[in-house]
Amino acid sequence: LFTRSADLKVHHRVHTNERPFECHICSKRFTSSGDLKRHTRTHTGERPYQCQLCPSAFARSDDLKSHLRTHTGETPFECNLCGKQFTQSSSMLKHKRRIHDHQMSPQFCKKQFKWITSLKMHSRIIHTNERPFKCDICSKRFSQACDLKTHTRIHTGDRPYQCQQCPSAFVESGALKKHLRSHTGETPFQCDLCGKQFTDSSNMSRHKKTIHAQETSL
DNA sequence: CTGGGGATGGGGCCC
DNA sequence: GGGGCCCCATCCCCA
């Protein structure tokens, strides 16, 4: 969507890798004369952009702009995972890689939350309903890495939790635990209104919602 | 050793 | 064509 043919022409060089402008000092090549001109100042040391608040001067206007934030204290770049703010987008990205990358890995689980930063992130995610963990296969999103890890087994067919008494196997430990009660006949969940016993807590709450709906609403 | 601050410089888009 | 602006990685520095 280039509004000008000249811009399209320059953009086209991105695909053709055409670089018509060569630095006469280091022979490095560029797609536009502007890029070459900007590059040339790395050789000449020319710094036309003077900070009005301190003796620093810069080769580029955007460098000066970024520098000015060291005076204003402005931090426009926010980490979307922990809310920490930064003066430069690079610093923010570096932070995300350093701090959050391992938290995105399948090995990282809520059971391992033990650092204050992780706890902060955890609490933020829970309260904002943020879902930073995306399944590469079906795009479903999760709030926690361990939930994604469990979910991924749906695609891989991996069922690490094998019942020792029958061929059934499960993607998560809770499902196996629940299944085992079908063998033992254990009914650990009891309705506090009528005493009826259940193998499963969700079955019990469904029972309460349907059978005892009137009583509980009173 | 870790992690943020700040500078540098290349890529690309837009006017 | 020139230049502003934003993206980003990388570097050095420092607590």
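In what follows, every chain begins at residue 1, and chains take the letters A, B, ... in the order their sequences are listed.
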Is the His100(A) ring parallel, tilted or perpendicular to the His95(A) ring (thresholds 30°, 60°)?
perpendicular
Given [options], which nucleotide is nearest the side-chain atoms of [X]?
| X | options | value |
| --- | --- | --- |
| Leu93(A) | dG11(B), dG3(B), dA9(C) | dA9(C) |
| Lys37(A) | dC7(C), dG2(C), dG6(B) | dG2(C) |
| Lys65(A) | dG4(B), dC8(C), dC5(C) | dC5(C) |
| Ile99(A) | dA7(B), dG4(B), dG11(B) | dG4(B) |
| Arg47(A) | dT8(B), dG12(B), dC6(C) | dT8(B) |
| Arg60(A) | dG10(B), dT8(B), dG4(C) | dG10(B) |
| Arg97(A) | dG10(B), dA9(C), dA7(B) | dA9(C) |
| Phe86(A) | dG2(C), dG5(B), dG6(B) | dG5(B) |

Taking donor-acceptor contacts at under 3.5 Å, does the side chain of Lys94(A) reach the base of dG5(B)?
yes
Determine the contact category for [X]: base if any of its heavy atoms lies under 4.0 Å from a base atom, sugar-phosphate if only primed atoms, P, OP1 or OP2 are that close, otherwise nothing.
| X | result |
| --- | --- |
| Arg29(A) | nothing |
| Arg41(A) | nothing |
| Ser61(A) | sugar-phosphate |
| Arg38(A) | base |
| Phe21(A) | nothing |
| Lys28(A) | sugar-phosphate |
| Ser90(A) | base |

If I take atom CD from residue Gln88(A) and atom NE2 from residue His67(A), how far apart are they, to the nearest 0.5 angstrom?
11.5 Å
Atom pair distance, as rounded to whole Å: CG in Leu36(A) and P in dG11(B)
11 Å
